[in-house]
Amino acid sequence: MCGIIGYCGVGPAFPYLFEGLKKLEYRGYDSAGVEVGGRVIKRAGSVDGLKNAETAGLAGRCGIGHTRWATHGAPSAVNAHPESSGPVHLVHNGMLENYAVLRAELPGRYPFVSDTDTESAAHCIRAGIDGGESLLAATWRAADRLKGSFAFLVTSDLEPETICGIRRNSPLVVGTGERGVFLASDIAAIAEHCEEIFSLDNEESVLVRPDGPRFFGPDRREIRKASIRFDKNYEKVGFEGYSCFMEKEIHEVGEGFLQTCLGLKNQMKGMPAELFRPKRLLFCGCGTAYHACRLGKKLMERLVRIPCEAVLASEADEEDLPVDGETLCVFVSQSGETADTISALRVCKKLGGRTLAVTNVVQSSLEDLADFTLKTHAGREFAVASTKAYVAQSGFFYLLAEKLAGGLPVSMDLEALKAGMEACVDLSEIRALAGEMKGESYAFFLGRGLDHLTAMEASLKCKEITYIHSEAYAAGELKHGTLALIEPGSRVILFVTQRKWQEKMMNTLSEVRARGARTVLLSPFSDLEDCGADRFIRLPAFPDLYMPLISIVPCQSLAFRLSRERGIDCDKPRNLAKSVTVE
Ligand code: M6R
């Protein structure tokens, strides 16, 4: 799971590679490397480490680059890509499954120096070249031996100013412009330099020279490819006055929600009516997108009463899934590139389900595979922690419930909800709480019903960008075991936005206070201000049904503030990547 980039043209390659890699860092940022004109330079750490005296001397007009999220082997310079074997240099996005077998099979004259799965591919290609094959033929032969997922860019010192690209289950795009040919994992990395962009399908390959690309189909015959539509400027995004992407994205939550709901209403009108008459529903995603699916399931149970499952994409098992021709399977993903979600969609298709992708970025593999697509309009996220996309995805589920049930019990006032979200973005109580929590090492997030789902998402935000261990619990479950962990000073954050659960939540509050917990209560109910919690954070009041859209926002902001207090780069927390393109 990584970002790859290639350039072959009339200008010096390194600046294009560096700039493209910066845009691909959302795919991983633990090490990076480039190869230009046969010289390979690799570093542990983020792409910025590649800007140094050594790379300043790279004058070649053709090269490849890589930013890594380690799967096999530690994030070190030796395990960074490009991987080289003799004249061959290769960058890889994906994961090889039979690399251990290949390691054992490859002759001893190709010694392995790294711990990566990728190095076996470099040796396989070199074996072909040593046997007299061209770079392209050797890459094809190697691809036939490999199991798993890959997008490769390969160069050979024996064929200067040439890049060979091939893909299986990992994306690869090729763009052409005045300055030459560009290749990348994502349009975002190359769009501004391109007049035309081509998206490779599975098993297709490309041979790039300065005069242009030649494409080959899965049968290795040359093919003509049609270019795809793209927006040249769509990735020109900066912090726009904020300190980082996450802060900016939290401030965009309200607008993203509004635009999403307005856009979806229109998009849904244009879809076949029978799509919205399913016998069963299955919602699927990972991480935050899965939490949105859990909220969706709750809404369906309450409002629609069609059997509905929310499934973690990584757990989607053909043997267990309740999917048939009358099941609407909804796949939720900000990026549309999450490998687990893509794989789950394939399984559901195989079982005959009707597949609907709900994605946020402009173009993605998930939407290419799905029968139908709906777009959330939150605007692309760059920070690793998902914020505005979660609220937009939640908005989708409210609208789906409305569509399937033929209405909602209380109408959704989009403008008012947007204003409510915006009022929660920068609460002074949240700043104060972040200051108080900065030295703490664990936290519990508790809620009942819809609030339990908010607690789950709030806890994930806390974990991923503050490194404070946290757990979310259905509040009533605490006394069945987890209460044993509460001791004097334990941090417990409680959500009370559902009147029907208020009394029971007050019992939970008493139980944790009795054990010395430091408590924070988030609620729109002013009558709870004196309930005994150490901190009361007043939320704007909306009908209980819609409170999940509001109450998550201060928690996103808390996680952001806490990461600041703890000196963590919230846009790029350790060990993570924005888009998880391996299973
Ligand atoms: O791009 P996706 O929505 O498919 O990503 C799914 C998860 O990887 C993602 O939501 C992840 O959990 C976030 N880092 C959470 O903030």
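Not measured: the values here are computed from a predicted model. Just so you know, ligand 1 is whichever comes first in the structure, and atom 1 is the first atom listed for that ligand. Side chains included, hydrogens not; waters and symmetry mates left out as well; all remaining heavy atoms used.
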Open item on the list: Using a plain distance cutoff, I'd like to know if Gln334 has any nitrogen or oxygen under 3.5 Å from a nitrogen or oxygen of ligand 1.
Closed with: yes
Task: Top protein contact for atom 13 (C) of ligand 1, by heavy-atom distance - done: Val384 O, 3.7 Å
Task: His377 side, atom NE2; Cys261 side, atom SG - distance, nearest 0.5 Å - done: 10.5 Å
Task: Under 3.5 Å donor-acceptor, Ser459 side chain and Ala455 backbone - done: no
Open item on the list: Can you tell me how far apart CZ (Arg302) and CG (Leu450) are? Round to the nearest 0.5 Å.
Closed with: 4.5 Å
- [ ] Step through the shown structure and confirm whether more than 12 heavy atoms of other residues, nucleotides or ligands are within 6.0 Å of NZ on Lys298.
- [x] no
Open item on the list: Distance under 4.0 Å to a non-hydrogen atom of Ala385: what atoms of ligand 1 satisfy this?
Closed with: 16 (O)
Open item on the list: If the cut-off is 4.0 Å to any non-hydrogen atom of Ala289, which atoms of ligand 1 fall inside it?
Closed with: 3 (O), 10 (O)
Open item on the list: Going by the closest heavy atom to atom 4 (O) of ligand 1, which one wins out of Thr341, Asn360, Thr338, Thr581?
Closed with: Thr338
- [ ] Please write down residue, atom name and distance for the protein heavy atom closest to atom 16 (O) of ligand 1.
- [x] Glu464 OE2, 2.3 Å
- [ ] Give the atoms of ligand 1, by number and element, whose distance to some non-hydrogen atom of Ser386 is under 4.0 Å.
- [x] 15 (C), 16 (O)
Task: Close-contact set for ligand 1 against Gly287 heavy atoms, below 4.0 Å - done: 12 (O)
Open item on the list: Looking only at side-chain N and O atoms, does Glu477 offer a donor or acceptor that is under 3.5 Å from a partner on His452?
Closed with: no
Task: Flag, side chain of Tyr290 to backbone of Phe283, donor-acceptor distance under 3.5 Å - done: no
Task: For atom 7 (C) of ligand 1, the protein heavy atom that lies nearest, with its residue and separation - done: Cys286 O, 3.5 Å
TODO: State the atoms of ligand 1, each with its element, that fall below the 4.0 Å cut-off from a heavy-atom position in Ser335.
DONE: 1 (O), 2 (P), 4 (O)
TODO: For ligand 1, note which part of Lys578 has a heavy atom under 4.0 Å away: side chain, backbone, both or neither.
DONE: neither
- [ ] Using atom types as modelled and distance alone, determine if a side-chain donor or acceptor of Trp69 lies under 3.5 Å from a backbone N or O of Asn575.
- [x] yes
Task: Those atoms of ligand 1 less than 4.0 Å from some heavy atom in Lys461 - done: 15 (C), 16 (O)
Open item on the list: Checking the side chain of Ser170 only, and the main-chain atoms of Asn93 only, is there a donor and an acceptor separated by less than 3.5 Å?
Closed with: yes
TODO: Run the numbers for me: atoms of ligand 1, each under 4.0 Å from some heavy atom of Thr288, listed by number.
DONE: 10 (O), 12 (O), 15 (C), 16 (O)
Task: Flag, side chain of Lys388 to backbone of Glu249, donor-acceptor distance under 3.5 Å - done: no
TODO: Just need the protein heavy atom nearest to atom 8 (O) of ligand 1, so name the residue and atom and give the distance.
DONE: Val580 CG2, 4.1 Å
TODO: Examine the proximity of ligand 1 to Glu337 and report which part, side chain or backbone, both or neither, has a heavy atom under 4.0 Å away.
DONE: neither
Open item on the list: Assess the residue pair Asn360 and Thr376 against the criterion (side chain to side chain donor-acceptor pair (under 3.5 Å)); give the C-alpha distance rounded to whole Å, side-chain angles, the decisive distance to 0.1 Å, and a yes or no.
Closed with: CA-CA 5 Å; Asn360 191 49; Thr376 52; 2.9 Å; yes
